[in-house]
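In the text below, chain A, chain B and the rest are named by the order of the sequence lines, each starting its count at 1.
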Amino acid sequence: MDGPDPARDLPAGPAADLWEPVLRWYDGHARDLPWREPGASAWSVMVSEYMLQQTPVARVLPVHAAWLERWPRPADLAAEPTGEAVRAWGRLGYPRRALRLHAAAVAVTERHGGEVPASYDDLLALPGVGDYTAAAIATFAYGRRHVVLDTNVRRVHARVLAGQAVPAASVTRAERDRAAALLPPDAPTAATWSVAVMELGALVCTARSPDCDACPVAGTCAWRAAGHPAYDGPVRRAQAWDGTDRQCRGRLLAVLRDADAPVHLSRLDAAWPDPLQRARCLEGLLTDGLAVRTSDTTVALP
DNA sequence: AAGACGTGGAC
DNA sequence: TGTCCAAGTCT
């Protein structure tokens, strides 16, 4: 391993006991992902962050590659109809993200000269960018120092620091303060720290089957020390799926996505049996801008 | 501030 | 087989 040890110059103290082993672990175990390559553009990072919202890395990989190949810069996407973004989004899920990414590309082109902004506030103003994504793009594309709180980081912190199997339903003030206090003082190390903790949560401290034997901070983990107590909070209702509007919308949109011309309404009849729900969901897709009417009897991607 | 919003793989 | 889960955002 050549190059400087990123943990070497950090101040000593309680935090350093965490930083050092996690940074060292990341150095040897980080996945090679396209948006992490040294030459990766901020646009590549931005596209990956949209696609990775609620979607596993393995399914994002091929779509991300095709996307960057076709639209190497934000302005390239901005010049296309939104329907092209929806079609290229494929089956990643939550297709409104494709619409938002397109709208963000337009905003970047018009307001930022075609360059993905580096500031958290400018990023947060983009459609589809919330606190996590703004912090992630500023951090991973530009090396800025921000608290990056995604589901992986929250789970690792809940376990290692609080001894809880699962973090709270939504980000708490205490959680954010704790993460801020832990953030290394210099920006480059803070950026590496954030991606390292995320990676640890994704590969080792997973939701279903944590591999404590492979964990660099198992020795200081409060959850492990307590004997891995199970989650004891309020019951969380699993998302229903069968027969829901979301399933219906997915079916309808799949028909439009797979067609290369406007689709007759009768084709949608075949995609979902309940006429009332079908009509409601189509109306929703039209309202959301995921579909457009092309005639009295046909619809298409926008 | 819960609930809506897609999809498919893993156990 | 059914449940759980995946780098959240928006309203």
Side-chain angles (χ1 to χ4, degrees), chain A residues 26 30-31 33-36 40 44-64 86 89-101 103-104 123-141 146-157 165-172 179 191 194-203 205-211 230-231 234-257 271-272 277 280-281 284-285 287-290:
Chain A
Y26 181 73
R31 290 169 292 182
L33 300 173
W35 46 88
R36 281 187 192 157
S44 174
V45 173
M46 177 169 160
V47 170
S48 80
E49 291 302 338
Y50 274 74
M51 292 183 173
L52 287 164
Q53 292 170 0
Q54 300 286 283
T55 306
V57 168
R59 289 181 31 220
V60 164
L61 251 13
V63 184
H64 177 271
V86 174
W89 196 257
R91 306 187 65 78
L92 281 184
Y94 293 142
R96 288 193 286 201
R97 291 183 292 165
L99 249 27
R100 291 173 182 150
L101 180 52
L123 289 164
L124 191 60
L126 297 174
V129 174
D131 169 69
Y132 161 74
T133 303
I137 296 172
T139 298
F140 304 143
H146 288 281
V147 171
V148 179
L149 274 186
D150 80 320
T151 189
N152 290 302
V153 174
R154 297 189 62 220
R155 186 176 54 250
V156 171
H157 285 183
V166 177
S170 56
V171 178
T172 65
S194 291
V195 73
V197 177
M198 282 179 68
E199 193 77 336
L200 186 63
L203 298 182
C205 193
T206 62
R208 198 95 61 121
S209 54
D211 184 6
Y231 170 72
V235 290
R236 295 175 174 184
R237 283 202 59 75
Q239 285 187 339
W241 175 246
D242 281 328
T244 61
D245 283 6
R246 283 158 67 212
Q247 186 184 31
C248 179
R249 287 165 57 104
R251 292 268 178 83
L252 299 182
L253 194 60
V255 173
L256 303 187
R257 210 169 40 220
W272 194 261
Q277 187 177 21
R280 179 174 74 240
C281 288
L285 292 174
T287 299
D288 291 345
L290 284 165

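Looking at residues two or more places apart in sequence or on another chain, you find a ring pair (Phe, Tyr, Trp, His ring centres under 6.0 Å) between A/His146 and A/Tyr120.
Between A/Ser48 and A/Arg36, the side chains place no donor N or O within less than 3.5 Å of an acceptor N or O (distance only, hydrogens not considered). A/Gln239 and A/Arg246 share a side-chain donor-acceptor pair at under 3.5 Å. If you check the side chains of A/Tyr132 and A/Glu49, you find a donor sitting under 3.5 Å from an acceptor.
One atom, CG of A/Asp150, and another, P of C/dT9, lie 10 Å apart when rounded to the nearest Å. C/dC10 atom P lies 8 Å from atom CG of A/Leu124, rounded to whole Å. Residue A/Asn152 contributes atom CG, which lies 12 Å from atom C1' of C/dG8 at whole-angstrom precision. Residue A/Tyr50 contributes atom OH, which lies 22 Å from atom P of C/dA6 at whole-angstrom precision.
Here CG of A/Leu200 is found 9.5 Å from CZ of A/Arg155. Values are rounded to the nearest 0.5 Å. Between atom CZ of residue A/Arg249 and atom OG1 of residue A/Thr244 there is a gap of 10.0 Å, rounded to the nearest 0.5 Å. In this structure, the separation between CG on A/Asp288 and CG on A/Leu99 is 8.0 Å, given to the nearest 0.5 Å. Atom CG in A/Leu52 sits 11.0 Å away from atom CZ in A/Arg59 (nearest 0.5 Å).
On the P atoms, B/dG6 is 14 Å away from C/dT11, given to the nearest whole Å. Taking atom P on both C/dA7 and B/dA4, the two are 23 Å apart, rounded to the nearest angstrom.
Note on A/Arg155: only backbone sugar-phosphate atoms sit closer than 4.0 angstrom, heavy atoms only; bases stay farther off. Residue A/Ala207 is in sugar-phosphate contact alone, with no base atom involved, counting any heavy-atom pair closer than 4.0 Å across all strands shown. Residue contacts for A/Arg280: at a heavy-atom cut-off of 4.0 Å it reaches no nucleic acid atom on any strand shown. Base engagement by A/Trp35 is indicated by at least one non-hydrogen atom pair under 4.0 Å involving a base atom.
Put simply, the side chain of A/Val166 does not reach to within 4.5 Å of the side chain of A/Arg154, judged on heavy atoms.
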Open item on the list: Protein within reach of the bases, or only the backbone? For nucleotides 4-11 of chain B, mark each nucleotide 5' to 3' as B, S or -, using heavy atoms under 4.0 Å.
Closed with: -BBBSBBS
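Contacts with DNA chain B (heavy atom under 4.0 Å) in residues 126-135 of chain A: none are found.
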